[in-house]
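A note on names: the letters A, B, ... follow the listed sequences, proteins ahead of strands, and every chain is numbered from 1.
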Amino acid sequence: MSALTTLDVRAVEPVATAGGVYAWTFLLIAFPALGALVLLLGGRRTDRIGHVVGTLASLASFVVAALLFVDMLGRAAEDRAVNQPLFDWLPAAGLQVSVGLLLDPLSMAFVLLITGVGTLIHVYSIGYMQHDPRRRRFFGYLNLFVAAMLLLVLADDYLVLYVGWEGVGLASYLLIGFWQHKNSAAVAAKKAFVVNRVGDMGMTLAVMAMFAVFGTTAFSGVLGGADQVSEGWLTVIGLLLLLAACGKSAQFPLQSWLLDAMEGPTPVSALIHAATMVTAGVYLIVRSGAIYAGAPLAQTAVVVVGTITLVMGAIIGCAKDDIKRVLAGSTMSQIGYMVLAAGLGPAGYAFAIFHLLTHGFFKANLFLGAGSVMHAMDDEVDMRRYGGLRRYLPLTFLTFAAGYLAIIGVPPFAGFWSKDRIIEAAFADNLLVGTCALLGAGITAFYMTRLMLMTWFSERRWKPDVHAHESPLVMTLPLLALGLLSLVGGAAMLWTAGGIVEWLEPVVGEEEHALPFPVWVLTAATLVVIVAGVALAWMRYGREQVARTAPTRVSFATTAARRDLYGDAVNEVALMRPGQRLTGSLVYADSRGLDRAVNGVAALMGGSSGLLRRVQTGFVRSYALSMLGGTVLVVVALLSVRLS
Amino acid sequence: MTALTRQVTEIQSPTIEYGLLAPMLVVFGAAVLGVLVEAFLPRRVRYPVQVVLSLGALAVALGMVVTLADRVEVAAEGSVAIDGPTLFIQGTVLALSLLSVLLFAERRVDPGGDAFASAASSLPGSEDERTLTAQRVQQTEVYPLVMFSIGGMLLFPASNDLLTMFVALEVLSFPLYLLCGMARRRRLLSQEAAVKYFLLGSFSSAFFIYGVALLYGYAGSVRLSDIDRAVSEQVGSEGLLLAGVALLTVGLLFKIAAVPFHAWTPDVYQGAPTPVTGFMAACTKIAAFGALLRVLYVGLGGLRLDWQPLLWAIAILTMVVGAVVALTQSDVKRMLAYSSIAHAGFVLTGMVVVEPAGISSVLFYLAAYGFATVGAFAVVSLVRDAGGEATHLSRWAGLAKRSPLVAGVFTLFLLAFAGIPLTSGFVGKLVVFLAAWQGGAWPLVLVAVLASAVAAFFYVRVIVLMYFSEPAPEGPTVAVPSPLTAAAIGLGALVTVGLGVAPAPLLTLAEQAAVFVR
């Protein structure tokens, strides 16, 4: 290992140092971070202006991002990556970590998504959280979330990325559990935190391994030196990074927290699902492309995880009656598409990011739309209690429909362009993976049509005292913006300014994939599958009446899907119970077990344990015995090491 | 007569480098003065005099340690080693002792006065005790006691021979045994803790001194450098050597509360007065780690292939047991006790690699852990109800609603224990694990990362409890402390954040300090 640490490191490519407008890069993070600081430390004094401060902080960050983007567009492709060193964090010998920001086309895409969609969600929250007494705190957490996510995508060092990574985890924890009076919210928040910690362990170990192998954790050193390291190490690091990505992006087998995370206020779900958090895993994999390039095994694992999750999420989405949980299932599934694409290497990286961006638009749109519906229906989330809402919330319906058409992939809506390319790339890689991706598209069409029919069409099944009404302008305006993006965002990104693929090429590379059949055949097949899914849903939910309560006599498959394909049950059997048993037995051994052992020994030696019990010193005897036992073990161990 | 005179002149007086020993001499001197103060000054002036004397002596000693920086020498006829690790640990112990003495001096949070019994000799529940409490009698013997203990802690990691080390061990331990039994509230629990600590402590001292005897039998000397030479020349019987090493190590492992020598920790931490617990958890552990480092690296470096596997096993056991058992604790002091056991395991992880990186990472970790620990126990002493401190975790439910500031600071300390970035704990864990990984101990790092994930869970559980639970209707109140406790908590929090954001100066210092004099 020591030979490896002295490996000389070559930079990926010469990266310009920040100057001119790029000197503002740090402001991207500084604005929301400052907003969070003011709102969380300001206390009650900032109650009245909290939402304004929070929204302005996010907006300011977006404006900076837009300025930087315009400047970056004007540069030649190879000059677009800019580094801004901030300060030396750990300048000790043997471990040099300096905090710096790296703004290149990849992080630029994320920054625009996070600040742009993030700002829209902030605006929407002004209306959505209007009557919540803790609105200021909510905006403080939102700002914290945005700041942490920006640090994550702008870091130029894995260790600094890790700081943002943990910050995102902490902020999501605070937001999911925001309505702390609900026990389910507290439980969901804890679950999200714990599952994420499992993923974080992967991240910690990956950073350790990087340091051991490369002697540094900076992107330039790790990614630049990746081609000189053995495949074994790259595979280990790649798998560890995949574990980390699974935690944050809710991929199999760490998916279970996402469905419960619906307990947070709806704008939080939109933020987690569209702009931040779940996209972090995809970012990590795409950013670490150089590592996966040398680790085909890890790459295959990424593809497998993505494929499993995309099918799983879609199936779960079919069986849920809670509108937010259907959308959560769809997020799992769509992120699965991205991870799958990211596993295909340079052939898929750009498409993964492309889909991530379009997904950001339409998923934020759908979630905020669902929030608008809940707002109208007294926080009812059961779709069996909706029906015929299109006449009462016309604006929301219009934008929601745009999101719907985008997610199922109808041309020319945004999702069509991106998803179609992932399916193409998947077929070019492997027939089975491609078929799964195609099938997923069909299931997506089915459950999203089901959601549309149950919510907007069919007859009224409302509770008697509900008075449905359209949401205020402050909520519908962001919806309109996102609806528009769902409509034109995909095509725009594909064909303006050279297109997204070319934009990302300097960072992620590009690779032509060869399909075994003409592209139009596949596009046509995809559309046929989508139409089939829609038709099936219409036959099942459009023609027939929707029951007001969920049918109980259902097939095994439905039961399984309703229970999240037993994700929790598996967690419980595989992790929780053994964990509890270990805890229990260790506590037992620590307190009573030793005492029993003492008593047993005492009885053996002819003394009565009763006599021992009467000794006033309590358990000191057993402590002393445990020390003696330990000492004997230590002596024996030392002697046996030498003598053996 | 003349013969006798000649003999007397032949005995050379030992050379004592007073300059190098000055920090210890100042602390011991203050302790002796403190005893005189108890004997000769009237009761009402004793408190201010003792507090000023103790704090002043500690500050002066700390200043002296700073001026001694970079000295690498052996003093007092070779029995005391003044080098990087010694000075770093002495500095850390002195700084933490300053904070601890501030907590000792707190007289505002308890309606009865400070945290200590009016007279340790009065029977709990007796008429005598009630009278003394009613008269608001407060004793000040704790100050000389704690100063003696601190003096021992300064000498412990500096001892260059095993006999000096044994004396230091006893000097630091005896006052602690007494201090543990002096709680004002729940006195029976406190006295039981003291007796347990004393019995088990003497037990471990016996192991230690027996180990010293065996090593003397092997090497013919108790000086660490002589033992090192004897090991490399392979004189004498190996059985004697290894048995001696084992027993000596056990004595030291007891003080750092490594599994399986940890059993006393939860009981003693719970029973002792909280300022004493904080002092013990931080300073005793740090001093003992210093001594363990010196013994293993300087005296027994040649035997590392023998003790490394053993330390591996103990580190793993300590981390796992500490983290897992802490999960089910329902008393905050017991939880912190198990957490301190787990932390001992993390520190051992950095110690198994016999390299400068290992030493410096351990030194940094100890400092980071010490400040968070003293701060955390100081917070514990503030959350009170009618019966004194409310240490049962269920009583902490919804604390954030009652006192956001205290809950926030405690959250900071818990996050530091859990090793969340931007706190000192993160940097500490990072450098220790990196050192271990680079030294080839990656399985150990794997276990450590797993254990810290488990540990994070129970820290977070407390945060959840404070923030996301409804407060109990008759929950505890948060006492408003005097500036003394506030300063201790504030400094602890400041250092915890400071070492997380800008760890560079201390890391550099620890790196420069990582050379032992031989």
Review point. Given a strict heavy-atom distance threshold of 4.5 Å, which part of Ile420(B) is in contact with chain A: side chain, backbone, both, or neither?
Key: side chain

Review point. Which of the residues Ser360(B), Gly239(B), Ala323(B), Pro421(B) is involved in the greatest number of heavy-atom pairs with chain A at under 4.5 angstrom?
Key: Pro421(B)

Point to revise | Listed partners of Arg334(B) passing salt bridge (Lys or Arg N to Asp or Glu O under 4.0 Å), at least two apart | key: Asp267(B)

**Study point:** Pairs of heavy atoms under 4.5 Å with chain B: top-ranked of Thr631(A), Val163(A), Leu633(A), Val207(A)
**Key:** Thr631(A)

Study note, to complete from the structure: Residue from Leu205(A), Leu170(A), Asp200(A), Thr204(A) scoring the most non-hydrogen pairs under 4.5 Å with chain B is Leu205(A)

Point to revise | Centroid-centroid distance, Phe426(B) to Tyr162(A), less than 6.0 Å | key: yes

Check your understanding: Parallel, tilted or perpendicular: which fits the ring planes of Trp442(B) and Trp437(B), with parallel below 30° and perpendicular above 60°?
Key -> tilted

Check your understanding: Is chain A contacted by the side chain of Leu305(B), its backbone, both, or neither, given a heavy-atom distance below 4.5 Å?
Key -> backbone

**Study point:** Contact origin within Leu303(B) toward chain A - heavy atom pairs under 4.5 Å
**Key:** side chain

**Study point:** Ala206(A) versus Ile237(A), closest heavy-atom pair with distance
**Key:** CB-O, 4.5 Å

**Study point:** Any residue meeting side chain to side chain donor-acceptor pair (under 3.5 Å) with Trp179(A), in chain and number order, not counting sequence neighbours
**Key:** Asp132(A)

Practice item. Could you have a look at Gly167(A), Gly169(A), Gly629(A), Ala209(A) and say which one has the most heavy-atom pairs with chain B under 4.5 angstrom? Key: Ala209(A)

Check your understanding: Considering only heavy atoms, which portion of Val250(B) lies under 4.5 Å from any heavy atom of chain A: side chain, backbone, both, or neither?
Key -> side chain

Practice item. State whether the side chain of Thr318(B) and the backbone N or O of Val259(B) hold a donor-acceptor pair below 3.5 Å, judged by distance alone. Key: yes

Point to revise | Top contributor to chain A interface from Thr249(B), Leu446(B), Val501(B) [non-hydrogen pairs under 4.5 Å] | key: Val501(B)

Practice item. Flag the pair Phe261(B) / Phe254(B) as yes when their ring centroid distance falls below 6.0 Å, and as no otherwise. Key: no

Revision key, fill the gap. So, the part of Phe207(B) with a heavy atom under 4.5 Å from chain A: the answer is side chain

**Study point:** Nearest heavy atoms of Tyr177(B) and Phe198(B), plus distance in Å
**Key:** CD1-CD1, 3.5 Å

Practice item. Please flag which part of Val454(B) lies under 4.5 Å from any non-hydrogen atom of chain A: side chain, backbone, both or neither. Key: neither

Review point. Where does Ala637(A) contact chain B at under 4.5 Å (heavy atoms): side chain, backbone, both or neither?
Key: side chain

